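The structure appears below as structure tokens.
Order of the sequence lines sets the chain letters (A, B, ...), proteins ahead of strands, with each chain counted from 1. Everything quoted here is computed from the prediction, not taken from an experiment.
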There are 2 protein chains.
Amino acid sequence: MAKDLFSNLDLNLLRTFIILHQERNMRKASERLFVSQPAISKALQRLRDHFGDELFVKTHHGLRATEYANQLAESISPILDELSSTLNESNEFNPQELDGVIKIALSPFLLSAIANSLFQAIRTEAPNVQSAIIKLV
Amino acid sequence: MAKDLFSNLDLNLLRTFIILHQERNMRKASERLFVSQPAISKALQRLRDHFGDELFVKTHHGLRATEYANQLAESISPILDELSSTLNESNEFNPQELDGVIKIALSPFLLSAIANSLFQAIRTEAPNVQSAIIKLV
DNA sequence: AGATGTTACGGAGACCGTAATTATG
DNA sequence: CATAATTACGGTCTCCGTAACATCT
């Protein structure tokens, strides 16, 4: 293969690329990214150079995405979204750090079936939780 | 929320993080990333600062990953892998560039159901393909 | 001593912002 | 003319590498 499009890439440029693909306008993109508009232009030049494609061509109202850019955006945008949520959620739920009281709504039928194992699991995973109140619905 | 762990992150650091998690040794990581070993140390400091966790603690033979680091690696490593393959493969399959003859194996039952639309699709997406031979199985 | 990670320090380069320029309607 | 992108240019700030230090077996 010619060269690795991943290893040699400044990953931060992908953020700019995605925003640019959403906005199709450098000024708007620059506002969303809190940088100047020429900074976006330079970033796009780097992206073009890296991928060997124009990616976005100048038009009347702003930019038009090339087919390559569309495919690229379509494939990497969900990945970046997933990365974003993973980074932000990974830390937010740690049962070990839970304490106080938690309340769970449950139907009587389910309750009789799983209440015991549920209590066990909570006691194990979140030892600092004082008690769990189960509300019937 | 306190702060966004994605937006404010230098994504390139994640590459260092993954390698570091694989090697558990700054010297080896530095070799794989073609940088000096102190550069890795600094990068790790930035990672620690960003995530608010030690991530790797010094030991006799190198480094030991914290639980946080393990969870982080476990969750983001497949995402980065996917990003890597996507970037490198996205360009490799372009139906427009296909030519010659393609062969497709298909059961008679399926054949009768989709043969027509299949031919149509191929003709449209890959106009340079001369013919498609469908082999019954 | 030999391996490790950390700190200090100086320099090179990347990146940005302001301003001027070009292109396009 | 108005809006948008590109280029020029100067400055800063990040990041790296060399070297010195610290720690551990």
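Here the C1' atom of nucleotide C:dC16 and the CG atom of A:Leu13 are 14 Å apart, to the nearest Å. If you take CZ of B:Arg27 and C1' of C:dG2, they are 11 Å apart, rounded to a whole angstrom.
Contacts of B:Asn12 with the nucleic acid, taken as non-hydrogen atoms under 4.0 Å apart, are absent.
Within residues 31-48 of chain B, the residues approaching DNA chain C are B:Gln37, B:Pro38, B:Ser41, B:Gln45, B:Arg48, by heavy-atom distance under 4.0 Å.
If you walk DNA chain D from 5' to 3' and mark each nucleotide with an atom closer than 4.0 Å to a heavy atom of chain A, the marks span D:dA4 to D:dT7.
Put simply, the side chain of B:Ser75 gets close to the backbone of B:Leu72: a donor and an acceptor are under 3.5 Å apart. Between the side chain of A:Ser85 and the main chain of A:Asp81, a donor-acceptor pair closer than 3.5 Å is present. Looking at B:Arg48, its side chain does come within 3.5 Å of a backbone N or O of B:Glu54 through a donor-acceptor pair.
Between B:His50 and B:Leu13, the closest side-chain pair of non-hydrogen atoms is not below 4.5 Å. Between B:Leu9 and B:Leu14 the shortest side-chain heavy-atom distance falls below 4.5 Å. You'll find the side chain of A:Asn25 stays beyond 4.5 Å of the side chain of A:His61, heavy atoms only. Put simply, the side chain of B:Glu31 does not reach to within 4.5 Å of the side chain of B:Glu23, judged on heavy atoms.
For the side chain to side chain donor-acceptor pair (under 3.5 Å) test, residues two or more places apart in sequence or in another chain that qualify with B:Ser7 are B:Asp4.
Between A:Asp10 and A:Thr59, the residue anchored nearer the 5' end of DNA chain C, judged by the nucleotide with its closest heavy atom, is A:Asp10.
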